[in-house]
Amino acid sequence: MVTLDSVRAVHLPVSEESTTVTHPFLDLAPLSAGSFAAIEDRVARLLGTGQDVVIMQGEALLPLEGAIRGAAGPGTVALNVITGPYGQTFGNWLRDCGATVHDLAVPFHTAVSAERIRAALAEHPEIDFVSLVHAEAATGNTNPVAAIGEVVRAHGALFYLDAVASVGAEPVLPDAWGVDLCVIGAQKAMGGPAGVSAVSVSERAWARMAANPGAPRRSYLSLLDWKERWIDGGRKALLHAPAQLEMLALQACVERVEAEGLSTVMARHASAAAATRAGALALGGLEPYVYEAKDAAPVATTLRAPSDVDASELVARALASDPALPLAAGGGALAGEMIRVNHYGPDATRGAVQGCLAALGAALAEKGLKADLEAARRAVEDAWVRPAGPGLSDA
Ligand SMILES: *Cc1c(COP(=O)(O)O)cnc(C)c1O
């Protein structure tokens, strides 16, 4: 195997005719169809799914958009659940496809309940498509997909799920939950590359797309192209040159998750979320943005800044002490009030959580506000060893 060190050591032309130097990122053997299919199978195992899994050659927005444009058209009546910024985007794509869209928006400090979905379906029985985001890294909430899936299946609608931020942080089980189109990306809790992504597709979803005259074909957005030219052909020939480095990174990422154990990776994220929540409450000044712990996503924790403090300024002060901390202010209109602790992937560690709360506490203290750094430190340690289980209150 060619390593970076061996490359650095060989700074000589490889032959008299060429001045090219061997490079580990550039001089790879082509990725075979067999290797590509094996990576798809590994992702399918991670999701516990027997459905077709298509790895698309772009960031997760590619299958997110491709699946909506493939499955929805002028005859579609959609229930679009909005629990954060992605839900808004999906509604816009659905309307752009000509679908009739019923938006169901819930405040970002909570999650949607299966009961609300049941009521919306009862009110509009013609709904035949439901779009939902599982966990929102941007708002820090997570939705009860298992219970929602039962309701959607009983109604018979096609169920589309954005699991980009939940996969690796909490269970994502498209078959058990009746999800017809489940999109994942590796760049959040899996600690992998952002440039390729995957979608599991049920037989029902394939049938819906095949019957949709507006479904993209001969297009980068087309899932049907992959069905007809890749899957139905026995996965022998790729549609175009794959994003080879990203595919290898995805393979390495799944191998690393398997080696650590998916349940261990998920436990790390649950601990990070519980510890951030407990630590922020002990610190004082910062409130969990999501009111109830059961609605808070394991992938990332959002906090509310004190009412007279600008969240983006607080985050900037904290990052000035350590720019590597996984901290951000909320996006758009949330920038003034929301702090995001992005404790995912390699940052789902006690050290990252302790570092974020210490830096936020110091930033609060600089502004003359009370911050009990020692209490926060102890609360993180306690919560990490014994993560709060479902139903336990914050008190
Ligand atoms: C992160 C994320 C994506 C992917 O978007 P990027 O910002 O490009 O990483 C999609 N959906 C959800 C819910 C996400 O959290």
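Computed from a prediction, not measured in an experiment: that's the story for all the values here. For ligands, and for the atoms within them, numbers begin at 1 and follow the listed sequence.
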Notebook entry, point to check: Between K188, E59, E136, which one has a non-hydrogen atom sitting closest to atom 8 (O) of ligand 1?
Noted result: E59

Of all the atoms in ligand 1, which lie at a distance below 4.0 Å from a heavy atom belonging to [X]?
{"X": "V133", "answer": "13 (C)"}
{"X": "A165", "answer": "15 (O)"}
{"X": "D162", "answer": "10 (C), 11 (N), 12 (C), 13 (C)"}
{"X": "A137", "answer": "15 (O)"}
{"X": "V164", "answer": "2 (C), 3 (C), 4 (C), 10 (C), 11 (N)"}

Item checked: D372 with R377: basic N within carboxylate O range, under 4.0 Å ->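 Not counted as a salt bridge, because no side-chain N and carboxylate O are separated by less than 4.0 Å.
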
Check: Are R118 and E115 within salt-bridge range, i.e. N to O under 4.0 Å?
Finding: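 The answer is yes: the pair qualifies as a salt bridge.
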
Notebook entry, point to check: How far is atom 5 (O) of ligand 1 from its nearest protein heavy atom, and which residue and atom is that?
Noted result: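 Of the protein heavy atoms, Y86 OH, 2.8 Å lies nearest.
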
Note to self: Looking only at protein heavy atoms, which one is nearest to atom 9 (O) of ligand 1, and what is the separation?
What the structure shows: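 Closest protein heavy atom to atom 9 (O) of ligand 1: Q187 NE2, 3.1 Å.
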
Note to self: Would you say D103 and N80 are linked by a side-chain donor-acceptor pair, where the criterion is simply a distance under 3.5 Å?
What the structure shows: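 Looking only at side-chain atoms, D103 and N80 do form a donor-acceptor pair, the distance falling under 3.5 Å.
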
Check: Does the side chain of Q57 come under 3.5 Å of the side chain of Y220 through a donor N or O and an acceptor N or O?
Finding: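 No.
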
Notebook entry, point to check: Between S219 (side chain) and P216 (backbone), is there a donor-acceptor pair under 3.5 Å?
Noted result: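 Judged by distance alone, no pair lies under 3.5 Å.
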
Next item on the list: Give me the ring orientation class for F36 and W230: parallel if the planes are under 30° apart, tilted from 30 to 60°, perpendicular past 60°.
Entry: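 Correct class here is perpendicular.
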
Note to self: Ring-plane angle category for Y160 and F129, please: parallel below 30°, perpendicular beyond 60°, tilted otherwise.
What the structure shows: tilted

Notebook entry, point to check: Which part of A135 is near ligand 1, with near meaning a heavy atom under 4.0 Å away: side chain, backbone, both or neither?
Noted result: backbone

